[in-house]
There are 2 protein chains.
Amino acid sequence: MRDDLPLRVVSALVGASLLLLVLWAGLPLILPTLLLLLWIGGLELKEMLAKRGIALHFPGLFLGGVVLYLFSLPPLHWHFPQVPWREVALGLFLLGSFSFELLQGANLPRLAFTLLAFLYLPWNLGYVLLLRETPDPHLGLWILSLPIVASFATDIGAYFAGRFFGRNKLAPSISPGKTVEGSLGGILVSFLAMVAYTSLVREVFPFGLLELLFFSLLLSLAAQLGDLAESMLKRYCGVKDSGRFLPGHGGLLDRIDSLLFTFPLTYYLVVLFT
Amino acid sequence: MRDDLPLRVVSALVGASLLLLVLWAGLPLILPTLLLLLWIGGLELKEMLAKRGIALHFPGLFLGGVVLYLFSLPPLHWHFPQVPWREVALGLFLLGSFSFELLQGANLPRLAFTLLAFLYLPWNLGYVLLLRETPDPHLGLWILSLPIVASFATDIGAYFAGRFFGRNKLAPSISPGKTVEGSLGGILVSFLAMVAYTSLVREVFPFGLLELLFFSLLLSLAAQLGDLAESMLKRYCGVKDSGRFLPGHGGLLDRIDSLLFTFPLTYYLVVLFT
């Protein structure tokens, strides 16, 4: 048992309650929340990379993220479906970044890492706005909850399977605590959670067991890859936590890392298979 | 006069003839041509960046580009308009790149620069496939030719305006030969060329003079920004030419730099305004 367990439990309960409120309330609360996550997460990335001597252009990242969020708003996609809005936002970000470096000193690593941060953070988070109203604001709440359920179930399954059966290290140089058995447990629990969850609203998720196995496998792998990717980033920068966000839980990025890849994946699966 | 002028003229004529043939023939010739441009341009980027000690993962860049090209093919967009195909390709590239670095040594600068190269080269070139068949294969030929006309007209206008009226340096530290007067001449000639060009096919371009001024201004600025961006890249890497592609004309990227930003811009303008 860790010393800060009571603090961690209280933090987690407060965090989970806030999350449910924001998800339920829809875009009027989700948009400002995503902006806050971009602000805090962007600063965490900037400070982590600075420890390795790499510059990040935070104002450009934030401004680009704002444009991307606005261009991810569902009404734009409903009324002008022929326009690839998020690609336009990425194009504006690229043109703006090149123009900035032309004026400010041709720091190409700064450009490359700011672009990576743009695609890592706001690009992935922006799909939350689309998911929340796909196919409509009522059913969208269920769709958006899917990657969150899959990601939490993966974390829980991996924790317990790793604790009881963990033998073989998964990626010792990146994240020494993870085991192959934990990873498989995460996939299994994610599958069970998705079977239970999708049975609640059959009209949104008319899938058979084989399809659910396929979806949960992909989502659980994406969640674990997101976790490992952030661990790699921290390891590269030589930090243990990405920052201090929730007391007892490390940084914001440590909290959302396994979600970052599951949001886009869920959106792609939803538009491909429904 | 430069010594290699005859060589340059012959090369240019051969290149322009090949370009016209490829554009006219459509996707069966354009797709392999784009793959060739990705191969040669990707190797030029890799070799340029290597001079600065920066690694580029060429196999990943090429493979990601192939997937992106396939996902840019117009039939996919016609039959499944609700799927953001190019975003899916970008997502696969991101997941693949993170996975590769997790397995191969956590070289994050390599990941960031390969991502930059992906968005700089195949991401921008892939729009050629969409433009060639928007709104259909017949009229698409005219649409695709638009950014090429605007870019060539900008180059010619900038060259002559700069030569006869050039006084004030535009970006002396990046590209010492360029002047503000040349840039304005490029915009003016681009506008004149677009007025002449669009008058040829009124059913594809039913635009007034004010709209054409707006479009040609944006396209000419994008062409000049593309030129400067590639100059910045070369300056950063300490090379004069990006490689040796056409005899007497420098590297492939030196040839296509001003087109790279005009292809996506044209696509966005076409889907927004038609």
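- Heavy atoms of B/Ile174 lying under 4.5 Å from chain A belong exclusively to its side chain.
- Side chains of B/Ser216 and B/Ser190: no donor on one and acceptor on the other come within 3.5 Å.
- Comparing A/Ile54, A/Val271, A/Thr114 by how many heavy-atom pairs each has under 4.5 Å with chain B, the most go to A/Val271.
- Considering CG of A/Leu144 and OG1 of A/Thr134, their distance stands at 9.5 Å, rounded to 0.5 Å.
- With a 4.5 angstrom heavy-atom cutoff, A/Leu228 touches chain B via backbone and side-chain atoms both.
- The candidate with the highest count of non-hydrogen atom pairs below 4.5 Å against chain A, out of B/Leu272, B/Leu108, B/Leu116, B/Leu119, is B/Leu108.
- A cation-pi arrangement is absent between B/Arg86 and B/Tyr69, since the terminal nitrogen or guanidinium carbon is not both under 6.0 Å from the aromatic centre and inside a 45° cone about the axis.
- The pair B/Glu230-B/Lys234 counts as a salt bridge, with a side-chain nitrogen and a carboxylate oxygen less than 4.0 angstrom apart.
- Of the two parts of B/Phe261, only the side chain, counted from C-beta on, holds a non-hydrogen atom closer than 4.5 Å to a non-hydrogen atom of chain A.
- A donor atom on one side chain and an acceptor atom on the other are found under 3.5 Å apart for A/Thr154 and A/Ser220.
- Both the backbone and the side chain of A/Phe113 come within less than 4.5 Å of a heavy atom in chain B.
- Residue contact with chain B, scored on non-hydrogen atoms closer than 4.5 Å, involves the backbone and the side chain of A/Ala106 alike.
- For a residue to count as touching a neighbouring chain, one of its non-hydrogen atoms must lie under 4.5 Å from one of that chain's; by this rule A/Leu94 touches chain B with the side chain only.
- Chain B forms the most heavy-atom pairs under 4.5 Å with one residue out of A/Tyr268, A/Trp123, A/Tyr120, A/Phe80, and that residue is A/Tyr268.
- Contact annotation for A/Tyr127: only side-chain heavy atoms (C-beta onward) come within less than 4.5 Å of a heavy atom of chain B.
- For A/Leu49, no part sits under 4.5 Å from any heavy atom of chain B, backbone or side chain.
- If you tally non-hydrogen atom pairs under 4.5 Å between each of A/Leu233, A/Leu103, A/Val270, A/Val83 and chain B, the highest count goes to A/Val83.
- A side chain to side chain contact (heavy atoms under 4.5 Å, CB included) with B/Tyr267 is found for exactly one of B/Thr262, B/Leu131, B/Ile143, namely B/Leu131.
- Between chain A and the options B/Glu101, B/His77, B/Arg235, heavy-atom pairs under 4.5 Å are most frequent for B/Glu101.
- A 4.5 Å side-chain heavy-atom check between B/Leu259 and B/Ile148 finds at least one atom pair inside the cut-off.
- Ring pair B/Phe214/B/Phe207: centre-to-centre distance not below 6.0 Å.
- For chain B, the nearby parts of A/Pro109 are the backbone and the side chain; heavy atoms of each come within less than 4.5 Å.
- Counted by atom type alone, A/Asn168 and A/Glu181 present one or more donor-acceptor pairs between their side chains at under 3.5 Å.
- With a 4.5 Å cut-off on non-hydrogen atoms, A/Leu90 touches chain B through its side chain but not through its backbone.
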Determine, step by step, whether B/Ile256 and B/Leu121 satisfy the side-chain contact (heavy atoms from CB on, under 4.5 Å) criterion, reporting the C-alpha distance in whole Å, the side-chain angles of both residues, the deciding distance to 0.1 Å, and the verdict.
CA-CA 10 Å; B/Ile256 64 173; B/Leu121 198 60; 4.2 Å; yes
